[in-house]
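What follows is a short report on a single structure.
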There are 2 protein chains.
Amino acid sequence: MTATERSTRDRLLDAFETLLVTAGSRAATLDAVAAQAETSKGGLLYHFHSKDELVEGMLDRLRSQGAADAARMKTAKQGPVDYYLTTSVNSGSDFDRALIAAGRIAQESDSRATAALADLRNGWFTVLREHLDDEALARTIQLIGDGLYFDDTTGLAEKSAVKHVRTILRRLDVLP
Amino acid sequence: MTATERSTRDRLLDAFETLLVTAGSRAATLDAVAAQAETSKGGLLYHFHSKDELVEGMLDRLRSQGAADAARMKTAKQGPVDYYLTTSVNSGSDFDRALIAAGRIAQESDSRATAALADLRNGWFTVLREHLDDEALARTIQLIGDGLYFDDTTGLAEKSAVKHVRTILRRLDVLP
DNA sequence: GTCTATACTTCGATAGAC
DNA sequence: GTCTATCGAAGTATAGAC
């Protein structure tokens, strides 16, 4: 097995996330996930005994990705605010996909997914709050990030959005 | 029939929206919608011949609610910006419910729902843009509204969020 | 560790009684 | 205009061959 090969388990999680993001939770069936991962339903159910376990596996992976992201944000060259804005736009990264996928699950009023997302957001907010030392500003910037993220995940994204936000943040002396 | 009674058709649309908002699209089945509206599946399918027609009916109602909202925003006593912020938080109104429900459908990559939401957003943006005469500011405020809306619909809402936003908008001389 | 076959359930939709 | 009964397709999950 070479380093570029993904384990079947990871390919299944990838497939689940991809279906959630591109077609929504109704389309993310076990059949569809198995097909997308190019394996069988039996193969899927060996790794994850139920759909619920598939969700758990996805959220576990998200949590570890999220911890790494908050660390990167803290030490980003361009500063936490710019890093946060840039990464709030869906760049198609694995982390973005996992994040959007978890959002889809959260909307089915799944408390595990909601809790995982809340933890992530708290991590980002803590970094923003420490860096800016301004509660109102940190909250507002987080809302802008949420807006960018939401627009991206609903097909409502406006290309120049981040540019406009930078303009306003310069007026507030947050960005140079 | 008294004025307070809602027609079966409207009760069905209400039920569909409620299920979409509170439990997500997977839970909004024809059986569940009929039960929530306290009628039968046969009754539902008399008014809407398919699930697709149910979606169309919901989006039609959303569009007329949306046109009324943009008009209210334009002439709001407190000004369009404050009106927009206040109404970006889910107050539990019929319009909020319709909006969130359409968002759920849009995420199943339904182009009709996405288009309806894009139209609504364009209406709001036009009012913001005219009132502020500042593209960057209008876009940023719209993103903040999207963030407020997103947080509310995902169970991530922060109570003091709008207060903090007002603080920042005063710094930008947008609010008094 | 992965596959096929299959059991059981729920979904969307139709038919026809009232 | 609303109901029950029912169908075929699709959903989750299990059993067992390989």
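Predicted model, so just to flag it, every value in this text is computed and none were measured. These numbers come from the heavy atoms of this one structure, side chains and all, not from hydrogens, waters or symmetry mates. In what follows, chains are A, B, ... by sequence order, proteins preceding strands, each numbered from 1.
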Base contacts versus sugar-phosphate-only contacts with protein, heavy atoms under 4.0 Å: please encode nucleotides 4-18 of chain C as B, S and - from 5' to 3'.
B------SBBB----

I need the NE2-P distance between A/His47 and D/dA13, as an integer number of Å.
17 Å

Below 4.0 angstrom, which residues in residues 101-112 of chain B have at least one non-hydrogen atom near DNA chain D?
none

What heavy-atom pair brings A/Ser88 and A/Asp152 nearest, and what distance separates the two atoms?
O-OD2, 4.3 Å

Which pairs pass ring-ring contact (aromatic ring centres under 6.0 Å, His included) with one or both residues in residues 126-176 of chain B, sequence neighbours excluded?
A/Tyr149-B/Phe150, A/Phe150-B/Tyr149

For B/Thr22, which residues count as a side chain to side chain contact (heavy atoms under 4.5 Å, CB included) partner, sequence neighbours excluded?
B/Thr18

Does the Lys NZ or Arg CZ of A/Arg139 fall within the cation-pi geometry relative to A/Phe125 - under 6.0 Å from the ring centre and within 45° of the axis?
yes

Could I get the full list of salt bridge (Lys or Arg N to Asp or Glu O under 4.0 Å) partners for B/Arg171, not counting sequence neighbours?
A/Asp134

Specify the separation, in whole Å, of atom OH of A/Tyr46 and atom P of D/dA13.
18 Å

Keeping to residues at least two apart or across chains, list the ring-ring contact (aromatic ring centres under 6.0 Å, His included) pairs with something in residues 8-34 of chain B.
none

Axis-to-axis angle across the helix from C/dG1-D/dC18 to C/dC18-D/dG1, five pairs an end, to 10 degrees?
0°

Does anything in residues 26-55 of chain A form a ring-ring contact (aromatic ring centres under 6.0 Å, His included)? List the pairs, not counting sequence neighbours.
none

Using whole Å, what does the distance between atom C1' of nucleotide C/dG1 and atom CG of A/Leu12 come to?
12 Å

Suppose we screen for side chain to side chain contact (heavy atoms under 4.5 Å, CB included). Which residues come up paired with B/Asp110, at least two apart in sequence or across chains?
B/Val55, B/Ile105, B/Arg112, B/Ala113

A/Thr39 side chain near C/dC3 phosphate (N/O to OP1/OP2, under 4.0 Å):
yes

For A/Arg97, what residues pass the salt bridge (Lys or Arg N to Asp or Glu O under 4.0 Å) criterion, not counting sequence neighbours?
A/Asp14, A/Glu17, A/Asp94

A/Arg166: which residues meet the side-chain hydrogen bond (donor to acceptor under 3.5 Å, both in side chains) condition with it, sequence neighbours left out?
A/Asp82

Would you please name every residue forming a side chain to side chain contact (heavy atoms under 4.5 Å, CB included) with A/Ala70, sequence neighbours left out?
none

In whole angstrom, what separates A/Leu54's CG from D/dG11's C1'?
14 Å

